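Notes follow once the structure below has been shown.
Remember, predicted model here, so these are calculated numbers, not experimental data. Both ligands and their constituent atoms are indexed starting at 1 by order of listing. Positions are given from 1 along the sequence.
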Amino acid sequence: MKTKKIKLAYFSPTGTSERVARGVADGIEAAELETIDITRPETREKPVRCAADELLLVAVPVYMGRVPALLHGWLNALEARETPAVCIVVYGNRAYEDSLLELKDTLANRGCIPVAGGAYIGEHSFSDEQAPVAMGRPNEEDLRHAHAFGKAIREKLDSVASPADLADLQVPGEHPYGGRTQLWDVDFIAVDDRCAQCGLCAKVCPVGAVDPANSAAIDIAKCITCCACIKKCPQNARSKKASPVMEASQRLFNLFTEPKKPEYFL
Ligand SMILES: Cc1cc2nc3c(=O)[nH]c(=O)nc-3n(C[C@H](O)[C@H](O)[C@H](O)COP(=O)(O)O)c2cc1C
């Protein structure tokens, strides 16, 4: 089948999953590309319906070895009928555990036919100058890999009349899934006097945890520790204070120094 239209859905608080996903989509070279940014809470309210002649690409970061639990609602509202689907997980150089299998199973349960899966490396959400982890990734080489993956997906789809003719996609992972879906409830963000109350932190927060009128007021129960507000602050006024998040970032910096390589499965 010829891929005419791609629906590209990504959850990407710090932008790495989006960059990988766009690299893969570029390589597929479909005539039409619709992006669905499910990082935005209002977008996650709208269910998506996919047709059989579209290609759905879903890219998510790995949180605690799993697909982020806050996406379950949107994923389980997805409607598809034999829509070919590409599953992409982006992880911070530790491990992606069973998350790619989890994403594949979820999309298959919604009526998609998973045709390809990829696991890419993105700068760790907790990474900073003091404890860099996978800093700058995806890098140029990762994006070339993503582009080549896209091309291979196109060739795979072109080789059959219908995705239903393809053999079942095999990706690494086991049932029951490992990892954890419960994230920390933790007060870990320090805001210093460079803060100009510009409100960008509240805008980029994917879960509405930052008060737009007072950027130092963070709802710990809502916060998913994605670090978007820290990394995107134009004044560099936000940082991590002593907390389990800071300890984790130090641990990751000490343990996961060897750069992992992206992988794809067709
Ligand atoms: C709460 C949380 C849990 C994470 N768990 C993992 C993990 O289990 N393995 C890993 O390698 N990276 C993990 N990461 C790092 C992210 O997967 C990685 O930085 C990803 O590139 C972020 O994607 P984004 O830029 O699209 O937000 C975690 C990040 C957060 C915020």
Pair Arg22 + Glu18: basic N to acidic O under 4.0 Å: yes
Minimum-distance protein heavy atom relative to atom 2 (C) of ligand 1: Tyr63 CD1, 3.5 Å
Any N or O of Glu123 closer than 3.5 Å to N or O of ligand 1: yes
Interatomic spacing from CG in Leu107 to CG in Leu57 - rounded to 0.5 Å: 10.0 Å
Nearest non-hydrogen protein atom, atom 21 (O) of ligand 1: Thr16 OG1, 2.7 Å
Region of Glu97 engaging ligand 1 - heavy atom pairs below 4.0 Å: neither
N or O pair under 3.5 Å between Pro13 and ligand 1: yes
Identity and distance of the protein heavy atom lying nearest atom 27 (O) of ligand 1: Thr14 N, 2.9 Å
Asn139 backbone acceptor or donor facing Asp142 side chain under 3.5 Å: yes
For ligand 1, the portion of Asn93 having any non-hydrogen atom under 4.0 Å away: backbone
Short side-chain to backbone donor-acceptor contact, Arg238 and Cys201, under 3.5 Å: no
Test of proximity, Val62 against ligand 1: N or O pairs below 3.5 Å: yes
Set of ring pair (Phe, Tyr, Trp, His ring centres under 6.0 Å) partners for Tyr177, sequence neighbours left out: His175
Structural part of Phe126 in contact with ligand 1, heavy atom criterion under 4.0 angstrom: side chain
Protein contact to atom 29 (C) of ligand 1 [nearest heavy atom, distance to 0.1 Å]: Ser125 OG, 3.3 Å
Test of proximity, Gly92 against ligand 1: N or O pairs below 3.5 Å: yes
Options Arg19, Arg94, Glu18, ranked by nearest heavy atom to atom 7 (C) of ligand 1, top entry: Arg94
Sidechain-backbone polar pair: Lys7 side chain, Glu54 backbone, donor-acceptor under 3.5 Å: no
Interfacing atoms of ligand 1 (cut-off 4.0 Å, heavy-atom, Gly65): 7 (C), 8 (O)
Which atom of Ile230 lies closest to which atom of Lys240, heavy atoms considered: CD1-CG, 3.9 Å
Side chain Thr39, main chain Phe11, donor-acceptor under 3.5 Å: no
Nearest neighbour in protein (non-hydrogen) for atom 15 (C) of ligand 1: His124 NE2, 3.3 Å
pair Asp158-Lys2: side-chain heavy atoms closer than 4.5 Å: yes
Proximity of Ala95 to ligand 1 by residue part, where a heavy atom lies under 4.0 Å: backbone
Thr225, any N or O under 3.5 Å of ligand 1 N or O: no
Tyr120 and His145 aromatic ring geometry - parallel, tilted or perpendicular at 30°/60° bounds: perpendicular
Atom indices of ligand 1, in the order listed, that fall short of 4.0 Å to a heavy atom of Val90: 17 (O), 20 (C), 21 (O)
Met64-ligand 1 polar pair, N/O distance under 3.5 Å: yes
Tyr10: partners by ring pair (Phe, Tyr, Trp, His ring centres under 6.0 Å), with sequence neighbours left out: none
